[in-house]
Amino acid sequence: MKDFETIAGISTPLVSGAISIVRMSGKDSIKIADKFFMTKKGKKPSSFTPRMLTLGEFKTDAFSEQCLLVVFSAPNSFTGEDMVEIQCHGGVMIAKGILSTLLRGGAKMASAGEFSKRAFLNGKMSLSNAEGMMDMINATSEAEIRAGYSLLKGELSKKAEEAQQKLVDILSDIEVSLDYPEEDIEYTTKEKTKSALLQIQADLEKQLASRGAGKLIKEGVKVAILGKPNVGKSSLLNALLKDEKAIVTSVAGTTRDIVEGEIAINGLKFILFDTAGIRDTHDEVEKIGVEKAKSLILSADIILLVKEDESESDPGLSELLKGKKVITVLNKADKTNNYSSGENIIRLSAKENKNLEKLTEKLYEVATEGQLFGDNVILTSERHYNALLRAHESIKNALSQIDNYSIDVITIDLNLAYQAFGEITGNTSSEEIVNAIFSKFCLGK
Ligand SMILES: Nc1nc2c(ncn2[C@@H]2O[C@H](COP(=O)(O)OP(=O)(O)OP(=O)(O)O)[C@@H](O)[C@H]2O)c(=O)[nH]1
Ligand SMILES: [Mg+2]
């Protein structure tokens, strides 16, 4: 374990609440706690049983606080170092008073993510475990939390470690074959190496292909609601949101600005954008709205093209919609009482809330393309994607050279691949990358 300075920070949000937690990590933390905390019977933290909450009095210059303290001794703590956690009454000033007392006692103020960074540096978790933890903390949908949990559990880093182990095996085989440079050994080594590399390549391709789904999970699926004026776009938005968010009137051209709202379907986040009805207009404000609606098409993942009836003429969007995922919504089905739906055509009534579940099912199906967010690793992070892309490139290079050159030529590429995998586990990442990742964490985390 490395020796770092003892740090202290407030780990709960700085708002008034029921309790706050102040914590310290580092070899002096228990010694510092001894200076300020004592039980009724005069016992100090250094005599406490680790992992047992103990009631006592914490003395600051300004006040004395009755609170709970728990000691963790290295390496059995979150950071792997000696740690002290103080659970005091909530409220900003009490926690701040305790923190400044600890700083006076010799602790250094923890920077954002420093506790987690120490956990990583002390080998308590891999880099991608830590990123998974942060993803879980910041998750706004169930799919995000599931993906974060998979990272935290180490599913991705396990795969990266396995690939690294395979590369080490290959590299040592090559080493051996170079020491015994008879033809046939090199030949069998080449064949063995090739099949091992092809296996790594296939695994990588599967993981890289999950990036699309990973983006949707992290950023949400962007859905633009488009159509002519008065077809019921805003009514549809409101019905999906179960909220009267957008203004609905019988006047064509009601919506001008883009109105946005979020829903979850099967735990996946969808961001809905209601837009101005598309038509030629001389109204200056409406014109801007129509342009905004059209430009939204580019960034949307799915378009809901709302119509009142199937034979309705195209509102002049067909060029723009080329190559996009479009679901046609035939609204106001209550007028005809025909709710039959076809492939990518859903009949519904936004006003009467009928058949909306057909649409949400369809949205999920189209967004995920039938791909299940099951047990597979899903790449939600651009950093991981880039690392695996580099690993893939190096493996590809190695495979393209293996038949034409002496086998030692590929060791350079194999080492590069090893390094790229190591950026996921953290065993080859530079200090800069590590710092950048942990600086995104909260203070006190
Ligand atoms: N019968 C029936 N009327 C509907 C339905 N959905 C919307 N309407 C009516 O259609 C009119 C227009 O609805 P909006 O939701 O404002 O339509 P819009 O497409 O947003 O219109 P613009 O913002 O002007 O482009 C309103 O009078 C709604 O009450 C529906 O499912 N059935
Ligand atoms: Mg509208």
Side-chain angles (χ1 to χ4, degrees), residues 220-263 265 270-321 324-366:
V221 185
K222 296 188 194 76
V223 181
I225 307 175
L226 295 171
K228 289 186 175 176
N230 239 6
V231 291
K233 299 178 296 302
S234 302
S235 305
L236 180 61
L237 175 85
N238 291 348
L240 288 167
L241 296 179
K242 299 189 172 75
D243 185 14
E244 299 303 310
K245 184 141 193 193
I247 300 172
V248 169
T249 72
S250 56
V251 180
T254 302
T255 308
R256 271 95 190 280
D257 253 331
I258 288 169
V259 185
E260 193 182 324
E262 251 180 59
I263 54 166
I265 306 173
F270 286 76
I271 309 163
L272 311 173
F273 299 91
D274 175 29
T275 62
I278 308 285
R279 66 170 170 185
D280 282 329
T281 168
H282 295 295
D283 183 307
E284 205 180 329
V285 182
E286 195 182 349
K287 228 182 202 161
I288 299 171
V290 171
E291 283 317 306
K292 273 191 175 185
K294 286 183 177 168
S295 59
L296 195 66
I297 295 175
L298 268 182
S299 59
D301 298 304
I302 299 176
I303 311 291
L304 290 185
L305 188 58
V306 185
K307 297 181 175 183
E308 266 197 58
D309 78 77
E310 215 165 347
S311 58
E312 192 181 296
S313 64
D314 173 66
L317 294 175
S318 46
E319 259 321 292
L320 295 169
L321 293 180
K324 285 290 202 188
K325 293 178 180 171
V326 179
I327 302 171
T328 303
V329 174
L330 298 177
N331 189 31
K332 309 196 185 181
D334 51 295
K335 286 183 172 175
T336 56
N337 214 16
N338 173 8
Y339 287 95
S340 63
S341 295
E343 179 70 21
N344 288 335
I345 294 187
I346 313 277
R347 286 193 172 81
L348 54 79
S349 167
K351 195 172 174 181
E352 311 226 314
N353 241 316
K354 276 202 181 133
N355 229 17
L356 269 113
E357 62 293 340
K358 262 265 157 50
L359 177 61
T360 51
E361 270 166 34
K362 192 59 159 191
L363 274 169
Y364 186 79
E365 183 193 312
V366 171

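Computed over heavy atoms, backbone and side chain alike; hydrogens, waters and symmetry mates excluded. All ligand and atom numbering here is 1-based and tracks the order in the structure.
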- Task: Keeping the roles fixed (side chain from D274, backbone from V259), state whether a donor-acceptor pair exists under 3.5 Å.
- Result: no
- From CG (N331) to NZ (K307), nearest 0.5 Å: 13.0 Å
- Message: Quick check on K358: does its NZ atom have over 12 non-hydrogen neighbours (other residues, nucleotides or ligands) under 6.0 Å away?
- Response: no
- With no hydrogens and no angle check, is any side-chain donor or acceptor of N338 less than 3.5 Å from a backbone partner on A333? no
- Should the proximity of V248 to ligand 1, defined as any heavy atom under 4.0 Å, be assigned to the side chain, the backbone, both, or neither? both
- Task: Any chance you could measure D314, atom CG, to E319, atom CD, to the nearest 0.5 Å?
- Result: 10.0 Å
- Message: Evaluate D274 for polar contact with ligand 1, using N/O atom pairs at a separation under 3.5 Å.
- Response: no
- Message: Regarding ligand 1, does A333 bring an N or O atom to under 3.5 Å of one of the ligand's N or O atoms?
- Response: no
- Message: For atom 10 (O) of ligand 1, what is the closest protein heavy atom, and at what distance to 0.1 Å?
- Response: K332 NZ, 2.9 Å
- Query: Will you find, in the side chains of T281 and D283, an N or O donor that is under 3.5 Å from an N or O acceptor?
  - Reply: no
- Heavy-atom side-chain proximity of R256 to I288 below 4.5 angstrom: no
- Message: Tell me the contacting part of V306 for ligand 1: side chain, backbone, both, or neither, using a 4.0 Å heavy-atom threshold, strictly below.
- Response: neither
- Have a look around the Mg ion (ligand 2) and list protein N/O/S atoms under 2.8 Å, or say none. S234 OG, T255 OG1
- Query: Under 3.5 Å, is there a donor-acceptor pair between the side chain of K351 and the main chain of G232?
  - Reply: no
- Atom indices of ligand 1, in the order listed, that fall short of 4.0 Å to a heavy atom of G277: 25 (O)
- Query: To the nearest 0.1 Å, how far is atom 6 (N) of ligand 1 from its closest protein heavy atom, and which atom is that?
  - Reply: N331 ND2, 3.1 Å
- Query: What residue and heavy atom of the protein are closest to atom 25 (O) of ligand 1, and at what distance?
  - Reply: K233 NZ, 2.7 Å
- Message: For the backbone of S340 and the side chain of R347, can you confirm whether one donor and one acceptor N or O come within less than 3.5 Å of each other?
- Response: yes
- Report the nearest protein non-hydrogen atom to atom 13 (O) of ligand 1: residue, atom name, distance rounded to 0.1 Å. S235 OG, 3.6 Å
- Message: At less than 4.0 angstrom from any non-hydrogen atom of V251, what atoms of ligand 1 do you find?
- Response: 24 (O)
- Task: Find the distance between CG (L363) and CD1 (I327) and round it off to the nearest 0.5 Å.
- Result: 4.5 Å
- Message: Test your reading of the structure: does G232 have an N or O sitting under 3.5 Å from an N or O of ligand 1?
- Response: yes
- Task: Look only at interatomic distance and state if G253 has a nitrogen or oxygen under 3.5 Å from any nitrogen or oxygen of ligand 1.
- Result: yes
- Query: Would you say the side chain of N344 lies within less than 4.5 Å of the side chain of V326, judging by non-hydrogen atoms?
  - Reply: no
- Message: Suppose I only count heavy atoms of A252 and a 4.0 Å limit; which atoms of ligand 1 are within that range?
- Response: 24 (O)
- So how far is it from L305 CG to I225 CD1, rounded to the nearest 0.5 Å? 11.5 Å
- Item | Atom indices of ligand 1 within 4.0 angstrom of V231 heavy atoms, with elements | 19 (O)
- Item | For P229, atoms of ligand 1 separated by under 4.0 Å from a heavy atom | 25 (O)
- Check whether any N or O atom of T275, backbone or side chain, sits under 3.5 Å from an N or O atom of ligand 1, and answer yes or no. no
- among protein heavy atoms, the one nearest atom 21 (O) of ligand 1 is N230 N, 3.0 Å
- Task: Looking only at non-hydrogen atoms, find the nearest pair between L317 and K294 and report the distance.
- Result: CD2-CG, 4.2 Å
- Message: Quick one about S313 and K228 (side-chain donor to acceptor, distance below 3.5 Å, no hydrogens or angles considered), yes or no?
- Response: yes
- Query: Say you draw a straight line from CG of L236 to CG of L359; how long is it, rounded to the nearest 0.5 Å?
  - Reply: 6.0 Å
- Message: Taking atom CD1 as the centre, does I247 end up with more than 12 heavy-atom neighbours from other residues, nucleotides or ligands that are less than 6.0 angstrom away?
- Response: no
- Geometric N/O contact E352 with ligand 1, under 3.5 angstrom: no
- Note on the structure: For atom 3 (N) of ligand 1, the closest protein heavy atom turns out to be K351 CD, 3.5 Å
- Task: Pull out every atom of ligand 1 sitting under 4.0 Å from any heavy atom of S250, numbered as shown with elements.
- Result: 27 (O)
- Message: Apply salt bridge (Lys or Arg N to Asp or Glu O under 4.0 Å) to residues D257 and K292 and explain how you reach the verdict.
- Response: CA-CA 8 Å; D257 253 331; K292 273 191 175 185; 2.7 Å; yes
- Message: To check your reading of the model: name the closest protein heavy atom to atom 26 (C) of ligand 1, its residue, and the distance in Å.
- Response: T249 O, 3.4 Å
- Note on the structure: When distances are taken from atom 1 (N) of ligand 1, the protein heavy atom at minimum range is D334 OD2, 2.9 Å
